[in-house]
Participant: 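The following block contains the structure, expressed as structure tokens.
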Amino acid sequence: DVKVTQSSRYLVKRTGEKVFLECVQDMDHENMFWYRQDPGLGLRLIYFSYDVKMKEKGDIPEGYSVSREKKERFSLILESASTNQTSMYLCASRSTGTYEQYFGPGTRLTVT
Amino acid sequence: QKEVEQNSGPLSVPEGAIASLNCTYSDRGSQSFFWYRQYSGKSPELIMSIYSNGDKEDGRFTAQLNKASQYVSLLIRDSQPSDSATYLCAVNGGDSNYQLIWGAGTKLIIKP
């Protein structure tokens, strides 16, 4: 069965803190994605990775960075959290040659 | 700018009736089309994929694709209160191997 897990379901951080969100998939997928989802704006792609140590910017990469040191793990980093980064963060993965993406449960991040 | 458009709703349908959800897309090169269901506070879950013109049925769900009109729809027969959710339409970008283009979703409410 497809399994994507995220390190936290809820997270509260203060402005200026460095924040790490981790995502792990056990499907041996090459491709992994980080999205944020806000009411009325839908899913917006932050970064994606198509292989270990490979990454590409999505539509809204400003204020974020990512790390993929192992195939199964993809981390999203907020270098200095700001209140406008309060959002639901969703990780997804897919296998090369297909388009179906499978999502983790999401992390609801609140920055105060 | 490649776009996927959905009516945000809410779409209110009586229990037992047919719910019809619609989606239009702008990229004529798109070949793969997906419907995801997202319950409130949860992550999106893939429920249907369609690649060819016509209808594809899976239980109570039918996806319909018309590439000439750039139109995808999802029909839910015998609607149940458990079908109440936001339904996201996603389409592959014709010139991208990695990304899906997401609609903002239609909120469906099934009234008992």
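Here the structure is a predicted model, which means the values were calculated and not measured. Residue numbering restarts at 1 for every chain, and letters A, B, ... go by the order of the sequence lines.
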Participant: Less than 4.0 Å between a side-chain N and a carboxylate O, is that true for Lys3(A) and Glu72(A)?
Facilitator: no
Participant: At a heavy-atom separation under 4.5 Å, does Ser49(B) approach chain A through its side chain, its backbone, both, or neither?
Facilitator: side chain
Participant: In terms of heavy-atom proximity below 4.5 Å to chain B, should Arg9(A) be classed as side chain, backbone, both, or neither?
Facilitator: side chain
Participant: Does Arg94(A) qualify as a cation-pi partner of Tyr99(A), given the criterion of NZ or CZ under 6.0 Å from the six-membered ring centre and within 45 degrees of its axis?
Facilitator: yes
Participant: Where does the angle between the aromatic ring planes of Phe48(A) and Tyr50(A) fall among parallel (under 30°), tilted (30 to 60°) and perpendicular (over 60°)?
Facilitator: tilted
Participant: Heavy-atom distances under 4.5 Å only: say whether Phe33(B) touches chain A with side chain, backbone, both or neither.
Facilitator: neither
Participant: Name all residues meeting the salt bridge (Lys or Arg N to Asp or Glu O under 4.0 Å) criterion together with Glu62(A); count only those two or more places apart in sequence or in a different chain, and write none if there are none.
Facilitator: none
Participant: What part of Gln6(B) lies closer than 4.5 angstrom to a heavy atom of chain A: side chain, backbone, both or neither?
Facilitator: neither
